[in-house]
Novice: 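The structure follows.
Every heavy atom of this structure was used, including side-chain atoms; hydrogens, water molecules and symmetry mates were not. All ligand and atom numbering here is 1-based and tracks the order in the structure.
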Amino acid sequence: MELMTVLFSCARLNPIEPRWSDRDRIVVSHGHTSPGVYSALASAGFFPSEEFEAHFRQARSVFEGHVERAVPGVEWSSGNLGQGLSAGVGMALGARLTDSAWRTYVLMSDGEQHKGQVAEARRLAVKEGLTDLMALVDLNGIQISGRTAEVMPVPVAEDFAADGWRVVYVDGHDIEAIHGALVEAEASPVAPTAIIAKTVIGKGVSFMENDPEFHGRGLTDEEYVAAMAELGLPSQLAEARVRRAAPGTVPSLDHRTPTLAVETGVPREYSADTLTDCRSAWGTALTDIAGLNTGVPVAVLDCDLAVSVKTDAFAARNPEGFIQCGVGEHNTAVVGGALSTTGVLTYWADFGVFGLDEVYNQQRLNDINGAALKLVLTHCGIDVGEDGKTHQCLDYVGAFRNLFGWRVIVPADPNQTDRAVRAMSTAQGCVALAMGRSKLSTILAADGTPVFAGDYEFRFGETAWVRDGADGMILTMGTPSGAAVAAADALAVEGVALTVGVVSTPLELDAETLLRSSQAPWVLVVEDHHRETGLWASCAQGMAAFSGGGRLESLGVGGYQSSGGAEELRRLIGLDTDGISAAARQLAREGRRPGA
Ligand SMILES: Cc1ncc(C[n+]2csc(CCOP(=O)(O)OP(=O)(O)O)c2C)c(N)n1
């Protein structure tokens, strides 16, 4: 309480304008300390204290059990321990990249210091020289299961010091000492500072002090009255209960990150005979955008894969915006999310398995926080080179399907990649762009011209209808799109006319796509993705909603695959032109399912 009270009263905040752009950023990493945070915010004038006391943890109240960005004064929704310091690092980087003077403070607990992500964040803070960043660690020695020394001993101060932080010890109940430490750290910015505050849990209430039982247990009415008496404060139980029955008056703040005025420039064109990878098209579009936007800071995060994910050219041209985070994906995901809320156009490029699968919960929290991270996932599907199954991200659509806000784009060729990069850069919220590794041909219309060039505009939800035929339909996305078109062309020679739809946003199929799928005699979904959770699943759901009667088959990835070249693997599981042709030929022969 003392740490929070001092910090929320001394930091540069504006309760009248909680999102004032130059405010100091305070991240509460131990989100379960919400009653303390709400008390301190109420004391600092953000809302009336009675409001949170009455509506704490009540359904539809903004005062959730773990702090939420929708509450005035709360900077980052937290509660999943071990992530707050990363959010603070992101915000401190934001101050540097936007040339702002805010300071960033992270309130932390001791139990969460065991988390590996905390170490990743500590090191990045030092490496980036974030001297305006401060961690205030509540060293109370107690966590849910008992004494921290027994649950998991962690040399908290030594860890910070070993990673290069300046460490200051204070008595966490001494208001003047806490204030003095804050002032001193601000006056001599030589390193990020950790204030290690020794505290006693339940301080001031004799029967609660230092007792792990009260870490998470609420008080009975009798205990509450006794505790308040010991503290010399009036009991307000009856009044609070009356107020709880009335509606709360503190509205939620819009927690979504506003879009930035980003200049996207003129798209690049890849001609009919170009053979290149979508990764390179992304890297080129990125440097175009960075070059155009001198007024909007652009940051690119990397986890030691810049050459593979094609951000090396950006790094060479914009070293100030290139943040090398090392092999620390959990930290990077949260740094990126938090940084994206500070007025910095933030990209993170990584392999699909690392930028998504490795950090699923971090990306979920970025979504909950209304962040605007632009995530570029390369090496998706089995298209990873010879790395084998540990590196095959087969759920880049399916995993995001579970997160309500994330949007996913799966471009089919370098032309579409270029346009998608430009579109995602101005899109609201978190967007992922998922692509494979190998070089792809340009998708061509029936007349031989590139489909995704010229007048083509990327639009979320829109399917590109690149072939038209009444005998059946192939719906595809991403890497195998070219092979799917080639298969349709091969069948056309045999007298079977197929429609081919190339989907770019598999989680948001438009009505036309669903209607046409429902009306086709059969639909073969071709995707380099887990065959039951990607595009096929979207079609199945959509067609069910349209009560479609056609036959829906999937040609995707049915299990973890071995190492091997992309061509070789595609041939093995039938995702090459021959395999797709064979599957389509079979469906054309069988036609509609009887009764459909
Ligand atoms: C990643 C994660 N794992 C587990 C929990 C459940 N949890 C909530 S509070 C808590 C103990 C926290 O102890 P500490 O970090 O020392 O905080 P404090 O004692 O200050 O409350 C745990 C394990 C969580 N919130 N997040």
Novice: Show every ring-ring contact (aromatic ring centres under 6.0 Å, His included) that has at least one partner inside residues 134-164, sequence neighbours left out.
Specialist: F160-W165
Novice: Are F354 and W348 an aromatic pair, judged by ring center distance below 6.0 Å?
Specialist: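 No, the ring centres sit 6.0 Å or more apart.
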Novice: What residues sit with at least one heavy atom under 4.0 Å from ligand 1?
Specialist: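 Contacting ligand 1 under 4.0 Å are H32, G79, N80, L81, S109, D110, G111, E112, K115, N140, I142, Q143, I144, H215.
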Novice: Strictly by ring-ring contact (aromatic ring centres under 6.0 Å, His included), give each pair with a member in residues 128-157 just once, sequence neighbours left out.
Specialist: none
Novice: Distance under 6.0 Å and angle within 45° of the ring axis: does R25 meet both against Y105?
Specialist: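 Not flagged: R25 not positioned over aromatic ring of Y105.
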Novice: Going by side chain to side chain contact (heavy atoms under 4.5 Å, CB included), name the residues that satisfy it together with H255, two or more places apart in sequence or in a different chain.
Specialist: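 Testing H255 for side chain to side chain contact (heavy atoms under 4.5 Å, CB included), a comparison that skips the adjacent residues, returns R69.
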Novice: Between R23 and E75 (salt bridge meaning N to carboxylate O under 4.0 Å), is one present in this structure?
Specialist: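 Looking at R23 and E75, the cut-off is met.
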